[in-house]
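Take a look at the structure set out below.
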Amino acid sequence: MITLITRSPDKAADYIRCGELVAFPTETVYGLGADLFNLQALASIFRVKGRPIDNPLIVHIAALEQILEVANRISPSAQKLIENFFPGPLTVVLPKKKDIPVIATAGLQTIGIRMPRDPLAQEFLRACGVPVAAPSANRSGRPSSTTWQAVKNDLDGRIRCILRAPHMSEVGLESTVVDCLGSRPVVLRAGAITLESLCQVIPSTRLVSDSSDRDIRHRSPGTRHRHYAPHARIELVDNEREAIVRAKKMCCLANAAYIGMPEESDKIRIKHHSAMDKFKLRLLCDDLAIYARSLFDFFRRCDEEKIPLICCQRVATTGLGLALMDRLTRAAR
Ligand code: TXA
Ligand code: MG
């Protein structure tokens with residue numbers, strides 16, 4: 001199969017209506033989209049990605065009116081979150097409509113719904129005219145794609161079309177997934193809509209717990225699978241100094257990579273770095289948002305360079321840091 005790479009949302013949407021798979025950009029990561037009501041197209045998503053069939057898909061919509069095409073009802077908590085955060089990097093989990101194909105929700109009675117805010121994504125979804133089921137557009141287990149080139153690397157020849165955005169995805173981490181079935185929303189996956197901002201709207205919002213939320217965890221199988229991982233071994237460190245020591249011990253500094261944020265003490269020290277004393281790839285991000293945006297792309301660049309070890313700086317688990325640490329610890333498993 002030849003994969004068409006286009007900038008035209010209308011052309012890309014034509015393929016969705018013909019039952020083909022289309023990778024499309026959103027502000028979080030690229031999605032691998034199919035018509036929610038086309039069983040064969042849905043099956044192709046799982047085949048093409050190598051995705052376990054027990055992992056449900058998120059449905060993407062262009063307009064709020066489409067929510068009731070896929071959900072049975074909108075709970076009061078979901079209503080509030082939707083009012084505040086749609087369109088945006090938030091997925092709400094609601095009871096699903098009966099006629100939603102079983103394969104899309106992996107047999108669950110619920111469905112994750114998201115309305116992206118990226119203008120190109122919106123144009124594309126509007127042109128599709130149907131709800132679009134889409135996981136992240138990467139081979140299963142790999143880091144999500146934040147550029148069209150990453151999508152091409154993983155899926156070229158396996159899907160009909162890639163809708164190409166001019167820039168890297170703005171957020172760079174997947175959406176915040178919130179279970180809105182009970183009165184108290186539960187964050188199943190941290191993302192750019194932070195726990196703090198959710199709590200400002202609904203103060204009782206809480207993070208899913210590994211120990212006491214077995215049943216809820218079971219309902220979000222994606223959180224059980226290994227995820228977001230490059231081929232390299234990932235080591236979490238507090239700072240670059242620790243990374244250098246670790247890399248020297250584990251392989252060779254010149255083969256290893258480092259991603260983190262600049263520190264005052266580091267800036268001074270790096271000046272005195274000898275030419276012999278350098279990582280093969282090193283990325284210092286000026287703030288948390290840039291760190292989050294760059295992470296998956298950095299992982300992929302390290303894979304291309306066949307780097308065996310990537311040291312990543314830990315961050316505080318507040319704000320966006322919660323999502324970033326979630327992806328880092330999963331990749332480090
Ligand atoms: O930002 C994103 O969410 C991207 C873009 C493309 O929208 N999509 C994405 O999809 O990351 P995926 O399939 O890679 O991750 C979806 C996550 C999985 O952890 C899955 O288990 C969870 O959402 N999920 C989907 N439907 C669910 C449901 N009905 N109940 C609980 N969790 C659900
Ligand atoms: Mg994914």
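Hydrogens, waters and symmetry mates play no part in the numbers below; they use all other heavy atoms, side chains included.
- Through ILVMFWY side-chain contacts below 4.5 Å, Val102 is grouped with nothing and stands alone.
- Judged as a salt bridge (charged side-chain N to carboxylate O under 4.0 Å, His left out), and not counting sequence neighbours, Asp287 has no contacts.
- Inter-residue side-chain proximity for Pro166 and Trp148 is flagged as unmet; no heavy-atom pair is nearer than 4.5 Å.
- Applying the 6.0 Å contact sphere to CZ of Arg184 captures more than 12 heavy atoms from other residues, nucleotides or ligands.
- Residues Arg300 and Arg142 are in side-chain contact: their nearest non-hydrogen atoms beyond the backbone lie under 4.5 Å apart.
- The 12-atom threshold is exceeded at CZ of Arg17, counting heavy atoms of other residues, nucleotides or ligands nearer than 6.0 Å.
- In this structure, Phe24 has its ring center under 6.0 Å from that of His60.
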List, one per line, each side-chain donor-acceptor pair under 3.5 Å for residues 82-93, sequence neighbours excluded.
{"unit_1": "Glu83", "atom_1": "OE2", "unit_2": "Gln79", "atom_2": "NE2", "d": "3.1"}
{"unit_1": "Asn84", "atom_1": "ND2", "unit_2": "Lys80", "atom_2": "O", "d": "2.9"}
{"unit_1": "Thr91", "atom_1": "OG1", "unit_2": "Ser175", "atom_2": "OG", "d": "2.8"}

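- Side-chain N/O atoms of Asn138 and Ser136 include a donor and acceptor closer than 3.5 Å.
- No side-chain N or O of Glu242 forms a donor-acceptor pair with one of Gln313 less than 3.5 Å apart.
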Anything under 3.5 Å between a donor and an acceptor, one on a side chain of residues 64-72, the other on a protein residue two or more places apart or in another chain? List them.
{"unit_1": "Gln66", "atom_1": "OE1", "unit_2": "Ala62", "atom_2": "N", "d": "2.7"}
{"unit_1": "Gln66", "atom_1": "OE1", "unit_2": "Ala63", "atom_2": "N", "d": "3.1"}
{"unit_1": "Asn72", "atom_1": "ND2", "unit_2": "Lys96", "atom_2": "O", "d": "3.3"}

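- Atom CD1 of Ile310 is separated from atom NE2 of His231 by 10.5 Å, given to the nearest 0.5 angstrom.
- Every residue meeting the side-chain hydrogen bond (donor to acceptor under 3.5 Å, both in side chains) condition with Thr28, not counting sequence neighbours, appears here in chain and number order: Thr26, Arg114.
- Residues Leu125 and Ile61 have side chains not in contact (no heavy-atom distance under 4.5 Å, counting atoms from C-beta outward).
- Rounding to the nearest 0.5 Å places CG of Leu81 at 8.0 Å from OG of Ser75.
- Of the candidates Arg246, Lys249, Arg333, Arg246 is the only one forming a salt bridge (Lys or Arg N to Asp or Glu O under 4.0 Å) with Glu235.
- Surrounding NZ of Lys280 are more than 12 heavy atoms belonging to other residues, nucleotides or ligands, all under 6.0 Å away.
- At most 12 heavy atoms of other shown residues, nucleotides or ligands fall within 6.0 angstrom of atom CZ in Arg233.
- Using a 4.5 Å heavy-atom cutoff, the side chains of Val132 and Leu36 are not in contact.
- Side-chain contact check for Leu4 versus Tyr15: some heavy-atom pair is nearer than 4.5 Å.
- The backbone N or O of Glu240 sits less than 3.5 Å from a side-chain atom of Tyr258, completing a donor-acceptor pair.
- Each salt bridge (Lys or Arg N to Asp or Glu O under 4.0 Å) pair with one or both residues in residues 31-41, not counting sequence neighbours, would appear here, but there are none.
- Considering SG of Cys302 and CG of Leu281, their distance stands at 5.0 Å, rounded to 0.5 Å.
- Note that the CD1 atom of Ile16 and the CG atom of Leu21 stand 7.0 Å from one another [nearest 0.5 Å].
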